[in-house]
Asks: 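The structure follows.
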Amino acid sequence: MSLLEELNEVQREAVEHTEGPSMIIAGAGSGKTRVLTYKIAHLMAKGVDPFQIMALTFTNKAAREMRSRIETIVNSTEARNVWMGTFHSIFARILRMEADKLAYPANFTIYDSDDSKSLIRKIVKEQQLDDKLYKPSNVLSRISSAKNNLISYVDYNNNAELMQVDKENARGKIGLIYSLYQQRLRKAFAMDFDDLLFNTNVLLRDNPDVLIKYQRRFQYFLVDEYQDTNYSQYLIVKRLAAQTENLTVVGDDAQSIYAFRGANIQNILNMNKDYPDLRTFKLEQNYRSTQNIVGVANAIIKNNKKQIDKTIWTSNIEGDKIRLSSTLSDNEEGNMVARTIFGIKHEEHAGDSDFAILYRTNAQSRALEEALRRMNIPYRIYGGLSFYGRKEIKDILAYLRLVVNPRDEESLLRVINYPKRGIGQTTIDKLKVQANQQGLSLWEYMETMAANSSIARSTGMRIVEFVNMIKSFQLSLNTKNAYELADAIIKASGIFTLLYQAKNEDEGVMRFENMEELLAGIKEFSETENDEEGASSLRTLDEFMQDVALQTDADTDNKEEEEKVTLMTIHASKGLEFPYVFIVGLEENLFPSLMALNSRTELEEERRLFYVALTRGEKKVFLSYSGSRYKWGKLQYSEPSRFLSELDPKYIDDQTAEMLLFNNSPKSTAGVVSKKPLSNSRLKMKSKTTTEQQNTKKTPSNLTKASEIGRGASNDQSHSIQAGMEVFHDRFGRGKVVVIEGEGENRKATVDFNNSGTKTLLLRFAKLRILKQ
DNA sequence: GTATTATCTAAGTCT
DNA sequence: TAGATAATAC
């Protein structure tokens with residue numbers, strides 16, 4: 001079979017092993033997508049009905065891409081019949097079909113985490129709990145991890161251990177909040193993200209007929225990024241695949257970066273316990289990156305204790321070394337990255353889309369954006385405040401959601417007085433109380449008001465008007481297509497006028513355009529044919545809304561926007577590759593994150609994250625850190641990441657010292673960069689001791705805190721250094737001071753180093769130690 | 001009930 | 001810094 005010829009031996013074996021359980025341990029860049037794609041193609045070529053194949057991918061976009069590649073390979077559009085997508089989207093689809101078994105309507109709403117948090121905030125308020133103790137995000141993550149481990153709210157409240165832990169943390173009411181939260185979700189006909197998986201498990205557990213139906217329907221299961229599945233996902237797969245055990249999982253323990261949302265690496269490690277017949281394939285040849293990149297990444301990941309034994313190698317060229325640079329501020333870091341991109345574009349004829357800038361946190365994107373804009377380099381940011389996260393989009397979507405499911409209370413409250421229609425907080429509070437007394441949802445109560453014409457108060461009239469408006473939209477749900485209805489909603493609700501008028505304000509134009517973009521998206525949806533039901537079927541708003549909650553930035557295709565530099569978090573870059581990769585902000589407390597320093601497991605996850613970042617690069621990887629950075633509006637000084645000292649110097653082109661001087665403009669008073677050598681760890685220890693000596697009584701907790709302004713800037717010895725002295729520099733070694741210039745902050749020394757030549761160093765950075773006066 | 005102003009507070013990664 | 005909420009004035 002010709003399609004197999006394009007695979008290496010292990011890849012081919014993995015593809016040809018179609019019956020029974022198999023696990024593919026796929027190192028970074030080893031062609032796992034290729035194997036998955038070919039395996040599905042191979043199954044189809046063997047005559048397996050594509051309707052019997054379920055493939056769970058990490059993003060919906062990945063699924064789409066895989067699908068079109070399969071279509072090319074097998075030269076047929078049959079691949080569209082493979083069920084392919086993320087866990088959340090595939091099982092949301094199944095839940096909608098089987099909703100009645102769970103006493104939900106098929107058009108239930110999916111609450112995103114903002115909805116979830118706002119609901120929790122309300123519950124905390126209603127229960128008159130301390131909102132300092134019960135922060136929505138904390139409570140939600142507690143609930144979320146319970147759900148991911150299939151602990152229902154009833155189980156939770158009956159679980160002595162969990163209750164004890166909460167009590168000890170002075171958060172004994174989390175069980176109660178969980179219960180109320182679930183009840184409110186149900187009342188709103190809503191599920192949160194975790195419910196999609198939780199309820200799928202409930203569905204398959206409590207309805208043997210349904211389970212059997214899907215076990216028969218799907219004969220082959222393929223799961224990508226298996227290292228990032230949680231218990232809930234694991235059990236769904238296990239249940240569905242129990243009949244045929246034709247299960248292929250692909251993953252790499254070294255790239256597990258989602259433990260924070262319940263991903264359980266044990267799912268990979270325990271595969272052979274669950275499936276004694278398991279065949280394991282190891283893909284160890286990296287086809288993506290240069291030897292230098294593979295080498296540096298391997299050296300990094302070696303610092304983690306727990307991992308599956310494997311050796312990633314490549315026959316690619318050696319390539320350039322990984323360049324490490326430092327700057328004084330985050331803005332300069334941005335400038336440096338932009339300048340480098342500009343240079344490479346011209347020298348190496350690279351396109352903008354060949355570059356990616358990866359960072360640990362979304363907040364870091366701003367300085368980079370500004371720098372790219374200054375250099376006229378087109379870019380696109382993925383994640384962060386994504387399109388669907390913008391206020392104007394959420395407002396519109398809230399209307400659309402409300403029309404599809406009027407019991408969706410989050411949406412109702414969002415738009416009941418937007419645009420302003422004279423229904424204020426006091427009215428809403430009254431409505432809530434009355435609805436509660438009658439045991440009705442807010443919407444149901446408002447409906448009875450509409451039917452009951454005896455209400456004459458002007459506010460009552462406004463409520464009736466609002467209810468009637470929503471109801472009139474509902475009447476068109478099945479007669480108008482999604483676009484026609486959405487357009488009508490925007491106009492009739494007053495949103496269009498409001499945003500049109502706001503066009504004069506600074507942000508207004510953007511908002512209006514965003515609204516237009518959303519409408520264009522809905523229009524496109526309305527005009528595409530429905531795969532399953534043929535061209536005659538109307539594409540309704542109902543249908544459109546089903547996908548929206550699970551749409552992410554990574555899923556949106558950007559046809560005309562191809563040629564742009566990509567900015568994203570490392571998490572979002574998983575599975576992607578770029579010729580040139582910049583990893584920025586390699587600083588303590590940022591990467592690794594401050595919050596990950598408490599435990600080895602968390603720190604190891606950060607290290608895997610670094611590994612993922614490094615292995616995105618094909619040709620060149622650039623690392624950088626900055627001596628200072630704006631965080632929450634304040635300037636904070638930062639120290640180089642501990643990961644830098646783990647870099648094997650033989651792969652590194654260290655430019656940090658040069659950068660320090662290069663960036664030293666008299667104006668810039670920002671920043672303290674403590675130079676740390678990467679060449680050997682003993683030296684590193686030494687430098688640390690000197691730092692500690694300077695700050696008398698530096699407690700461990702101080703060490704982990706971001707240094708405050710003004711602290712650490714002092715260097716006792718730097719003031720006493722004079723020309724003629726013999727000094728020691730951590731990286732350049734011994735040398736003799738030739739001359740001292742400048743005052744205070746800008747005091748610098750020209751030093752003739754024994755082995756490194758003559759350098760001019762800013763004393764406040766250089767951390768010179770005096771050897772001989 | 002609403003508009004304006006003051007104050008608070010968040011602070012990580014994602015479906 | 002910026003978004004959300006609380007307090008205040010109208």
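Letters go in sequence order (proteins before strands), and every chain restarts at 1.
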Asks: Applying side-chain contact (heavy atoms from CB on, under 4.5 Å), name anything that partners A:Glu577, two or more places apart in sequence or on another chain.
Replies: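 In terms of side-chain contact (heavy atoms from CB on, under 4.5 Å), with neighbours along the sequence ignored, A:Glu577 is linked to A:Arg288, A:Glu618.
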
Asks: Enumerate, atom names and distances included, each donor-acceptor pair closer than 3.5 Å involving a side-chain atom of residues 140-151 of chain A, sequence neighbours excluded.
Replies:
from     : atom 1 : to       : atom 2 : distance (Å)
A:Ser141 : OG     : A:Asn138 : O      : 3.2
A:Arg142 : NE     : A:Tyr156 : OH     : 3.1
A:Arg142 : NE     : A:Asp166 : OD1    : 2.7
A:Arg142 : NH2    : A:Asp166 : OD1    : 3.1
A:Ser144 : OG     : A:Asp194 : OD2    : 2.8
A:Ser145 : OG     : A:Ser141 : O      : 3.4
A:Ser145 : OG     : A:Arg142 : O      : 3.3
A:Lys147 : NZ     : A:Gln182 : OE1    : 2.8
A:Lys147 : NZ     : A:Asp192 : OD1    : 3.2
A:Lys147 : NZ     : A:Asp192 : OD2    : 2.7
A:Lys147 : NZ     : A:Asp195 : OD1    : 2.9
A:Lys147 : NZ     : A:Asp195 : OD2    : 3.4
A:Asn148 : OD1    : A:Asn230 : ND2    : 3.3
A:Asn148 : ND2    : A:Ser144 : O      : 3.3
A:Asn148 : ND2    : A:Arg261 : O      : 3.3
A:Asn149 : ND2    : A:Ser145 : O      : 2.9

Asks: Provide, to the nearest angstrom, the distance between the NZ atom belonging to A:Lys117 and the C1' atom belonging to B:dT15.
Replies: 12 Å

Asks: Hey, what's the ring geometry for A:Tyr104 with A:Phe108, parallel, tilted or perpendicular (30° and 60° as the breaks)?
Replies: perpendicular

Asks: Just checking A:Asn148: base, sugar-phosphate only, or nothing, at a heavy-atom cut-off of under 4.0 Å?
Replies: nothing

Asks: Please give, in whole Å, the distance from C:dA7 P to A:Gln425 CD?
Replies: 14 Å

Asks: Assuming nearest nucleotide by heavy-atom distance, tell me which of A:Gly422 and A:Asp194 is located more 5' along DNA chain B.
Replies: A:Gly422

Asks: Calculate the interatomic distance between A:Arg390 atom CZ and C:dA2 atom C1'; express it in whole Å.
Replies: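 Spelled out: CZ on A:Arg390 to C1' on C:dA2 is 16 Å.
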
Asks: Where along nucleotides 8-14 of chain B does protein come under 4.0 Å, by heavy atom, of base (B) or sugar-phosphate alone (S), with - for untouched nucleotides?
Replies: -SSBBBB

Asks: Please state how far atom CD in A:Glu370 lies from atom P in C:dT1, giving the value in whole angstrom units.
Replies: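 That distance rounds to 12 Å.
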
Asks: Please identify each residue that fulfils side-chain contact (heavy atoms from CB on, under 4.5 Å) with A:Ala549, with sequence neighbours left out.
Replies: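 With neighbours one apart ignored, the set is A:Ile110.
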
Asks: So what does A:Arg366 touch, heavy atoms closer than 4.0 Å: a base, only the sugar-phosphate, or nothing?
Replies: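 Sugar-phosphate contact only.
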
Asks: Should A:Lys135 and A:Asp131 count as an ion pair when the cut-off is N to O under 4.0 Å?
Replies: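 Looking at A:Lys135 and A:Asp131, the cut-off is not met.
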
Asks: Among all residues two or more places apart in sequence or in another chain, which pass the side chain to side chain donor-acceptor pair (under 3.5 Å) test with A:Glu605?
Replies: A:Arg608

Asks: Find the distance A:Asp115:CG to B:dT15:P and express it as a whole number of Å.
Replies: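 Going from CG in A:Asp115 over to P in B:dT15 covers 15 Å.
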
Asks: Give every residue pair that meets the salt bridge (charged side-chain N to carboxylate O under 4.0 Å, His left out) criterion with at least one member in residues 228-237 of chain A, sequence neighbours excluded.
Replies: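 Sorted pair list: A:Asp228-A:Lys574.
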
Asks: Would you kindly give the NZ-to-P distance between A:Lys574 and B:dT15, to the nearest whole Å?
Replies: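 In whole Å, B:dT15 P lies 10 Å from A:Lys574 NZ.
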
Asks: Please state how far atom CZ in A:Arg421 lies from atom C1' in B:dT2, giving the value in whole angstrom units.
Replies: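 Interatomic distance, CZ of A:Arg421 to C1' of B:dT2: 15 Å.
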
Asks: Verify the contact: side-chain N or O of A:Asn417 to OP1 or OP2 of B:dT2, cut-off strictly under 4.0 Å; return yes or no.
Replies: yes

